[in-house]
Amino acid sequence: MTATQEAPQQLGEVPSFEVHLKIRRYLPPETDGAAPYGAPAPQAEAYWQDFTVRVHGTDRVLDALHKVKWEQDGTLTFRRSCAHGVCGSDAMRINGRNRLACKTLLKDLDPSKPITIEPIKGLQVIKDLVVDMEPFFASYREVMPFLVTAGNAPTRERLQSPEQRARYDDTTKCILCACCTSSCPVFWNDGQYFGPAAIVNAHRFIFDSRDSAAAQRLEILNDKEGVWRCRTTFNCTDACPRGIEVTKAIAEVKRAMITRAY
Amino acid sequence: MQTHEYDVVIVGAGGAGMRAALEASTQARTAVISKLYPTRSHTGAAQGGMCAALANVEEDNWEWHTFDTVKGGDYLVDQDAAEIMAKEAIDAVLDLEKMGLPFNRTPEGKIDQRRFGGHTRNHGDAPVRRACYAADRTGHMILQTLYQNCVKQDVEFYNEFYVLDLLVDHDLAATHVPAGEEVHVSGVVAYELATGEIHVFHAKAVILATGGAGKIFKTTSNAHTLTGDGIALAYRRGIPLEDMEFFQFHPTGLAGLGILLSEAARGEGAILRNSEGERFMERYAPTIKDLAPRDIVARSMANEVREGRGAGPHKDYVLLDLTHLEPAVIDAKLPDITEFARTYLGVEPYTEPVPVYPTAHYMMGGVPTNVEGEVLRNATDVIRGLYAAGECACVSVHGSNRLGTNSLLDINVFGKRSGRAAAAYAATAELVPLPDDPAGPVVAELEAIRTRSDGERVADIRTELQQTMDTNAQVFRTDESLQRALQDIRALRQRYAAVGVQDRSRTFNTDLLEAVELGFLLDVAETVVVGAINRKESRGGHFREDFPKRDDAGYMRHTLAYRRPLSVKPEDTDGDPDGAFHWVTAFDDYQLMLGSKPVTVTRYQPMERKY
């Protein structure tokens, strides 16, 4: 890149600069033979495609992708919704790291090289940057990610002290974007592994003072594809766009399994 | 094409849709169809809280909450509905807590509460602590908790399915429904994004819960996917849209970006300042200052900028000052919004004020419903089996300006009510036969766009629409500006008729769906602008510089906007209780007629709105 900042042409103009994107494309062959317009040809192989777009100082990777899609190549496909890091739609691998495209400012990336953008790893690619999220959500659903209580419900709220509430605060922040799970080398090699996100969501309930199903969740995660597969590489913690200490949460679940204290 | 049969089909998996699903699925065979994975829905972006008069931290009662809601909505609120919402708020919050929602707690372990704009003690005396919250992630927690409980109840979802048509057994647009005859819903038509396959859902009851349409504006806190789908589908089928001219501009969007910074910041003590450092809200709302309702704060901010007291190099924003708050308080109660300021503007809120400007945030109007969520096809009659809840619906509990936190409340109270009502209806109703070739119109529209060569670019039309709406139909409006917007929309509609896409594939064709969504945006925008032209008064979120006063004699009525074929004469269609449409505007291939609906007033007669 090349990112030379140009002097504003006139007062009030926001400075803009050029970025080069190197995007991993995959346009699946169509069952009825319809060819995606503009693609070299429907093909089973993924390939790299370069784009150059002009962006502004506050633009994020998502803005650059939109510029490509809206101005150059409408076939470029990715998921997105909220565009400010809370919905978890646009997890992708940006310069080799899992991030949300809407939370990654272009000006913060190394301007001396093209920005590489790939789908997250370990999940099957459907098209371009879109992967099949079903296995990810299936693992989530398996850990009983909901409050289970014992006894009669009180008329008012269940009481919980601020300290008890703080105990599981970190893991309530999860937006299920899959940045953590798809950054995990164990998950890349073994798609059966529950993965960090599912464990984070189990943690959120195991350490909730109102919950009474911790033992069941720990039993589920004591499986050979459960927490013991974690090799503590901390990729998940680095990848989490919500700043959750994912590896620590996994370690706490392991400890709870051994000590039965939660 | 596949056909599915259900008792209840819910369109949309945000807060309202999933709250409805939790009710309906225990009693009726229920499917939720969503264009996103449920946890991607924009309920998750709501931040500050959900009000309910729990009185956990100070004296409060639901009657005060009702009053605040009515006054906040500048008396266009249906007061029976507001009363239900304020009363049922308490159980709605307690329900969520029992489902597992991790609310912040008081030292005694109760749900903590904080201040929010327009929520007051004893009919306006002083701000009251009424908003139940989970840091500044209340919407995230609500969305997650509802999804968790849907998983627990094994609710059936069709994710990444776009609903593109609503099936009703009468042609409401073109024909008059004879007296005594009932109109029924029979299902929806959906497009599966992953495969391009069409699915017809034959259902006894349908609940629209598709959210808002903030993307008609350029500067908005709304997600890219908030394109008014359910609202436009109803409108195209001849169902009126209520009070579309009332759009809320949230005061504190990150300047230039529109990303939301919760009102909770001001609830926790943050102050708005102009370039001179002045706390200008003292001049506009002497009693509750920065915690005045959003319409008033947004207008005050825009006025400061207009009068040259804006901050920054271009003097085009004001400042949200949190620097006097303890960093520990900020971290505990406002962690996300302060991170947004750091991430997106590089501003450190501990030590620097944050640049903010109003951002299009919430549509007070929508598909008209009664308090059970049943959709109205005119001022009085319902469509059997059709329900709407959440931002796409207009009950109307928000009137002309919604109070902060009342949207999270709305989705829970009226999501639950519509889910319950739909299941009860389905228990006794029969399936109504589908029309011949139910998917025909959808397939024809999609194929026309998909196969058109050298069509107009979606993004070009959309950008121009958003630009004209920002310029001409935002915080300040005049007849002149609105006429410009209408003229632009007409021209854009003509260009939209020739819209094309580059992606011709059937797999995950988001290019095609963006084109369809643009059609929805144009529909919604025209109802906003025409409603705003017609309403020659200023009320709540609708401010006309050429008519700066509220005019109760002329306009204390809900607007209903109907789309009708050009051949239909106003007197030949069901509409206004007065038997007259007071505004008809022709587009190229249909006309938009405005009728009205009376406001329900119970306890509170309109008063001048001062804070």
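Below, all heavy atoms of this structure are taken into account, side chains as well, without hydrogens, waters or symmetry copies. Just so it is clear: chains get the letters A, B, ... in the order the sequence lines come, proteins before strands, and each one is counted from 1.
Put simply, of B:Leu94, B:Thr225, B:Thr507, the one with the most heavy-atom pairs under 4.5 Å next to chain A is B:Thr507. Contacts with chain A were tallied for B:Leu96, B:Asp336, B:Asn222, B:Leu257; B:Asp336 has the most, counting heavy-atom pairs under 4.5 Å. Interface remark: of the candidates A:Gln164, A:Lys173, A:Met144, A:Lys173 forms the most heavy-atom pairs closer than 4.5 Å to chain B.
With a 4.5 Å cut-off on side-chain heavy atoms, B:Thr145 and A:Phe146 do not count as touching. Residues A:Lys127 and B:Ser505 have side chains in contact (heavy-atom distance under 4.5 Å, counting atoms from C-beta outward). Using a 4.5 Å cut-off on side-chain heavy atoms (C-beta onward), A:Val86 and B:His140 make no contact. Between B:His42 and A:Cys87 there is no side-chain heavy-atom pair separated by less than 4.5 Å. Contact annotation: the side chain of B:Val151 approaches that of A:Pro145 to within less than 4.5 Å [non-hydrogen atoms, C-beta and beyond].
B:Glu339 touches chain A through its side chain: at least one heavy atom from C-beta onward sits under 4.5 Å away, while N, CA, C and O do not. For B:Ile111, the parts lying near chain A are the backbone and the side chain together; criterion is any non-hydrogen pair under 4.5 Å. At a 4.5 Å heavy-atom cutoff, the contact between B:Asn56 and chain A is made by side-chain atoms alone. Contacts between A:Thr172 and chain B at a heavy-atom distance below 4.5 Å involve backbone atoms as well as side-chain atoms.
Side chains of A:Asn201 and B:Gln148: a donor-acceptor N/O pair is absent below 3.5 angstrom, by distance only. A side-chain N or O of A:Lys69 and one of B:Thr510 form a donor-acceptor pair less than 3.5 Å apart.
Note on ring orientation: taking the six-membered ring where Trp is involved, the planes of A:Phe137 and B:Tyr147 are perpendicular (angle over 60°, cut-offs 30° and 60°). Between A:His84 and B:Phe340, the angle of the ring planes goes over 60°, which puts this pair in the perpendicular group of the 30/60° scheme.
Ion pairing of A:Asp90 with B:Arg40 is absent here, as no side-chain N (NZ or NE/NH1/NH2) approaches a carboxylate O to less than 4.0 Å. Between B:Glu160 and A:Arg79 there is a salt bridge, with a side-chain nitrogen of the basic residue lying less than 4.0 Å from a carboxylate oxygen of the acidic one. Looking at B:Lys98 and A:Glu157, no side-chain N of the basic residue comes within less than 4.0 Å of a carboxylate O on the acidic one, giving no salt bridge.
Between the side chain of A:Arg156 and the main chain of B:Lys110, no donor-acceptor pair closer than 3.5 Å is present.
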